[in-house]
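Hydrogens, waters and symmetry mates play no part in the numbers below; they use all other heavy atoms, side chains included. Remember, it's 1-based here, ligands and their atoms both numbered in the order they're listed.
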Amino acid sequence: MAHLLENALLWLGLVLALLLSHASASPLSLATSIGKSPGRKTFDLTLTWETHAPDGRSREMILVNGQFPGPTLEIDQGDEVLVRVHNQMPFNTTVHFHGIEMHLTPWSDGVPGVTQRHIQPGRSFNYAWTATQYGSYWYHAHQSGQLDDGLYGPIIIRPSKDLSRPFSLITGDEKTLKAIEAAAADSQPLMVSDFRHRPSQDIATITKNAGIELPCYDSLLFNGKGSVDCWSSEYIASILTEDQKAFLQLANVSSFTAKGCLPGKAIADVIAAGYSTNLSAVPPDIFDVCTPSNGTEEVIHVTKKLGEHEQWVALEVIGTFGLVTVSFSIDGLSMYVYAVDGEYIEPQLVQVITVTNGDRYSVLVRLTDAQPGDYPIRIASTSTAQLIAASATLSYRVEKGGEAQNTSSPARYIQDNGLPTSSSVVFYNQTAQRQFSPPEPFNPAPADQTFILHMKVTGNSYSWALNSTSLPENVTEDSSSSSSSEVILFSPQPNVHNNYTITTLNNTWIDLVFVTATTPEPAHPIHKHGNKMWLLGSGTGEWTWPSVAEAAKALPEGTFNFVNPPRRDSFATLPATAPGQPTWTAVRYHVTQPGAWFIHCHIQSHLLGGMAMVIQDGVDKWPVVPEEYLTYQ
Ligand SMILES: *[C@@H]1O[C@H](CO)[C@@H](O)[C@H](O)[C@H]1NC(C)=O
Ligand SMILES: *[C@@H]1O[C@H](CO)[C@@H](O)[C@H](O)[C@H]1NC(C)=O
Ligand SMILES: *[C@@H]1O[C@H](CO)[C@@H](O)[C@H](O)[C@H]1NC(C)=O
Ligand SMILES: *[C@@H]1O[C@H](CO)[C@@H](O)[C@H](O)[C@H]1NC(C)=O
Ligand SMILES: *[C@@H]1O[C@H](CO)[C@@H](O)[C@H](O)[C@H]1NC(C)=O
Ligand SMILES: *[C@@H]1O[C@H](CO)[C@@H](O)[C@H](O)[C@H]1NC(C)=O
Ligand SMILES: *[C@@H]1O[C@H](CO)[C@@H](O)[C@H](O)[C@H]1NC(C)=O
Ligand SMILES: *[C@@H]1O[C@H](CO)[C@@H](O)[C@H](O)[C@H]1NC(C)=O
Ligand SMILES: *[C@@H]1O[C@H](CO)[C@@H](O)[C@H](O)[C@H]1NC(C)=O
Ligand SMILES: *[C@@H]1O[C@H](CO)[C@@H](O)[C@H](O)[C@H]1NC(C)=O
Ligand SMILES: [Cu+2]
């Protein structure tokens with residue numbers, strides 16, 4: 001009862017705060033102490049372009065407050081958040097808050113040309129939003145390839161006290177429950193990323209000159225730390241997967257490169273077949289030459305508390321990748337996945353999680369029966385284009401060094417190619433993902449509108465389209481002309497048929513069907529800004545129906561999940577692995593937040609290649625943008 005009252009007051013406070021922010025037309029001048037009103041968190045993020053060596057090799061990159069990755073934004077659910085970004089770099093930038101729904105603040109979503117003007121060198125920008133959600137998120141650059149230059153950091157929003165948690169599905173034991181709750185309340189971020197030695201600008205230039213994508217990285221990092229490991233050619237040959245062997249055969253090439261990559265020639269001859277390419281424009285360090293370097297290893301310290309019955313640790317695994325997808329596991333230890341993209345699920349006990357671009361997995365690890373010692377945390381690329389792996393350490397020690405540690409190695413669950421070490425290894429199963437107490441109900445009724453989107457390579461081998469045509473560069477980049485295009489949030493263009501905008505009415509239900517219009521085609525981790533989506537289903541074969549409801553009549557029962565589908569802010573589309581065998585992936589969302597929302601492939605080279613669209617949600621209830629955002633230069 002007391003809880004209910006407190007909750008009601010909290011929400012009243014929130015509503016009042018929001019009303020006030022509208023009355024004053026300035027989200028930055030909120031009163032902070034209205035009764036039980038939520039707290040307020042202010043962060044300053046200063047961006048600089050400096051020399052740093054995350055994997056032991058120096059390069060110029062982006063630091064946030066002098067560090068990489070940027071600092072964690074720790075927030076309590078319900079907080080009013082103000083993030084002041086200060087651009088001290090020699091180029092324009094913006095910052096996006098990945099997975100944050102931006103309830104009533106679409107102008108703080110951070111997409112240049114879509115929700116704001118660029119933050120120019122020497123300028124600052126105030127991102128103001130309410131933490132309506134809980135869980136793990138991240139912030140990152142949304143300007144050109146700056147994510148690959150290191151502009152990212154974690155966001156952790158601690159859930160409000162009254163929120164129901166899924167931990168009683170793990171245990172019925174009171175003491176264990178207490179230990180789990182304590183571990184979850186103290187969860188720590190573990191960002192996993194791919195990293196390059198060359199600035200993203202170089203990569204973009206080389207891509208254009210060579211006419212091919214460059215899907216080859218130098219290292220994988222945990223929380224911004226790692227090394228460059230160079231494997232012998234014998235080892236690389238010994239762990240090639242069937243897909244990789246098939247690709248080599250198709251390209252008439254005998255082996256992967258010393259960096260563990262598909263050679264540039266194979267990409268030019270197979271992926272860019274029919275387009276003009278120039279391999280002499282690709283310097284040898286891009287695909288071929290591996291130069292080892294020693295950085296530092298990330299160590300997650302966990303102390304065994306003496307006298308405590310149960311020992312648990314919680315990690316927020318955040319996939320801050322620019323391209324690769326990995327298998328993630330901890331040798332010898334299983335993980336309970338209890339939240340995905342910031343929302344609780346019915347926990348799954350697994351040994352391996354497939355983590356792709358932008359994904360978040362909250363995991364609990366039980367150490368009660370584990371010997372103190374070092375447990376390798378591993379990631380290994382499962383992307384066809386590159387074999388690359390890395391490890392960090394979970395160091396489990398006894399308080400005051402009481403107990404001898406176990407020096408024998410715990411069992412490995414994944415190989416360096418991301419494949420399991422045995423058939424009994426359990427992977428996280430997204431199809432079986434069941435939301436726990438979701439914040440918004442799913443609607444199984446036929447959608448109000450269906451958009452069938454044709455994903456393809458178009459124009460040249462590195463240009464991509466989410467629907468038939470690439471997003472023109474001048475939507476998100478400033479054209480040099482003074483009449484550069486207006487920010488879409490500031491002047492929406494409802495119902496234009498340009499293949500890269502979608503228009504909807506508020507409070508309608510929308511189905512998006514992604515079909516591969518060229519085959520073969522890789523999986524695309526499609527990320528939607530604003531609110532989350534549900535995965536209805538996916539399949540192989542042509543998509544020939546006007547709607548999901550029609551398809552459901554024609555396809556076998558069970559093709560779609562209209563009962564309890566998984567909910568996320570990104571879904572990887574089903575890859576089309578064989579020529580001539582297209583695939584489709586259908587998602588649904590509810591229009592609840594009028595505004596301009598970007599939807600795009602999160603692979604940086606695909607995004608830069610134009611694989612993005614703008615959703616103009618709720619054009620009938622379009623928001624009034626505060627003056628200070630409208631006039632920001
Ligand atoms: C930065 O943005 C401004 C306006 O938003 C534009 O005029 C300028 O050309 C951009 N600078 C660069 C380096 O792209
Ligand atoms: C590989 O070799 C075969 C047979 O010599 C040839 O038909 C095919 O075009 C070659 N493929 C490429 C990508 O060069
Ligand atoms: C290919 O790239 C090289 C190196 O950048 C350049 O010298 C050459 O002119 C290019 N060839 C063509 C046909 O563009
Ligand atoms: C990295 O460190 C190891 C162990 O100290 C050493 O054997 C190796 O030579 C170093 N490699 C480089 C590239 O510095
Ligand atoms: C040490 O750890 C290994 C692997 O986890 C395990 O098989 C072994 O039983 C442990 N030894 C002791 C003494 O606990
Ligand atoms: C994943 O879950 C689905 C739905 O419960 C099930 O049909 C499928 O067999 C599972 N996949 C694996 C690999 O266990
Ligand atoms: C943006 O580029 C497209 C061609 O890609 C052109 O049709 C359009 O007029 C341009 N818009 C502006 C505002 O420059
Ligand atoms: C949309 O895509 C279709 C199919 O590629 C193309 O024919 C049409 O010209 C495109 N429309 C626009 C406005 O670019
Ligand atoms: C997607 O592209 C097709 C052409 O291939 C076009 O007919 C359709 O209108 C486009 N959809 C959107 C939402 O732009
Ligand atoms: C849009 O629709 C949602 C869902 O019905 C509703 O909660 C919200 O208030 C609506 N927004 C506006 C501005 O009317
Ligand atoms: Cu993609």
Side-chain angles (χ1 to χ4, degrees), residues 11 15 18-19 22 47 49 87 89-94 101-106 110-123 125 132 141-146 199-201 204 439-443 448 451-459 463-487 489-490 492-493 495-502 504-510 515 517-518 530-532 589-597 610-611 613-625 629-633:
W11 279 100
V15 168
L18 288 167
L19 284 175
H22 281 279
L47 313 177
W49 181 247
N87 181 9
M89 307 186 292
F91 32 73
N92 292 336
T93 195
T94 65
E101 63 185 7
M102 290 292 157
H103 183 63
L104 304 180
T105 58
V111 184
V114 178
T115 69
Q116 69 167 101
R117 296 194 185 91
H118 306 260
I119 314 174
Q120 298 182 50
R123 307 266 313 158
F125 191 91
T132 47
H142 225 300
Q143 177 95 32
S144 47
Q146 290 171 14
S200 64
Q201 268 315 327
E440 207 193 341
F442 173 73
N443 179 0
D448 298 302
F451 296 96
I452 295 153
L453 306 178
H454 307 261
M455 306 183 294
K456 64 194 282 196
V457 172
T458 171
S463 289
W464 285 90
L466 190 49
N467 187 43
S468 308
T469 45
S470 297
L471 185 78
E473 279 189 6
N474 60 8
V475 174
T476 53
E477 298 286 340
D478 283 294
S479 55
S480 43
S481 77
S482 55
S483 66
S484 71
S485 46
E486 182 57 298
V487 174
L489 179 65
F490 303 170
Q493 299 178 305
N495 302 309
V496 289
H497 296 289
N498 55 14
N499 294 359
Y500 62 84
T501 46
I502 282 175
T504 72
L505 298 178
N506 196 38
N507 196 21
T508 58
W509 288 79
I510 308 299
V515 301
T518 45
N531 62 1
K532 288 186 166 51
Y589 78 97
H590 185 199
V591 183
T592 58
Q593 314 209 79
W597 306 109
M611 199 167 194
M613 294 178 76
V614 180
I615 301 178
Q616 303 180 117
D617 264 341
V619 285
D620 53 329
K621 299 278 167 67
W622 202 253
V624 176
V625 180
Y629 289 99
L630 278 178
T631 56
Y632 178 85
Q633 288 288 346

### ligand 1 versus Q120: contacting region, heavy-atom distance under 4.0 Å
side chain
### Message
Quick check: N507 and ligand 10, any N/O pair under 3.5 Å apart?
### Response
yes
### Per-atom contact, atom 14 (O) of ligand 10, protein heavy atoms, under 4.0 angstrom
yes
### Task
Determine yes or no for a side-chain-to-main-chain donor-acceptor pair under 3.5 angstrom, with N531 supplying the side chain and H590 the backbone.
yes
### Message
Could you check whether atom CD of E440 has more than 12 heavy atoms from other residues, nucleotides or ligands sitting under 6.0 Å from it?
### Response
yes
### Query
Near H497, which atoms of ligand 8 are under 4.0 Å from a heavy atom of that residue?
13 (C)
### Task
Decide whether T132 and E101 meet the rule of one side-chain donor and one side-chain acceptor closer than 3.5 Å.
yes
### Message
Could you tell me, atom by atom, which parts of ligand 10 come under 4.0 Å of a heavy atom of N506?
### Response
1 (C), 2 (O), 3 (C), 8 (C), 10 (C), 11 (N), 12 (C), 14 (O)
### Query
According to the interplanar angle, ranging from 0 to 90°, do the rings of W49 and F91 count as parallel (below 30°), tilted (30 to 60°) or perpendicular (above 60°)?
perpendicular
### Query
Taking the six-membered ring of F490, is the NZ or CZ of R117 close enough (under 6.0 Å from the centre) and on axis enough (within 45°)?
no
### Message
Protein non-hydrogen atoms only, distance under 4.0 Å: does atom 9 (O) of ligand 8 have such a neighbour?
### Response
no
### Query
Nearest protein heavy atom to atom 2 (O) of ligand 8, by residue and atom, and its distance?
N499 ND2, 2.2 Å
### Query
Do any nitrogen or oxygen atoms of H118 lie less than 3.5 angstrom from nitrogen or oxygen atoms of ligand 1?
no
### Query
Donor-acceptor pair, N87 side chain versus G122 backbone, under 3.5 Å?
no
### Query
Does the N506 side chain pair with the main chain of K621, one donor and one acceptor, at a distance under 3.5 Å?
no
### Query
Atoms of ligand 10 less than 4.0 Å from K621 heavy atoms?
13 (C), 14 (O)
### Task
Test side-chain contact (heavy atoms from CB on, under 4.5 Å) on F125 and T94 and set out the steps.
CA-CA 9 Å; F125 191 91; T94 65; over 6 Å; no
### Query
Among protein heavy atoms, which lies nearest atom 7 (O) of ligand 10, and at what distance?
T592 O, 4.8 Å
#### Entry: Atom indices of ligand 8, in the order listed, that fall short of 4.0 Å to a heavy atom of S468
2 (O), 4 (C), 5 (O)
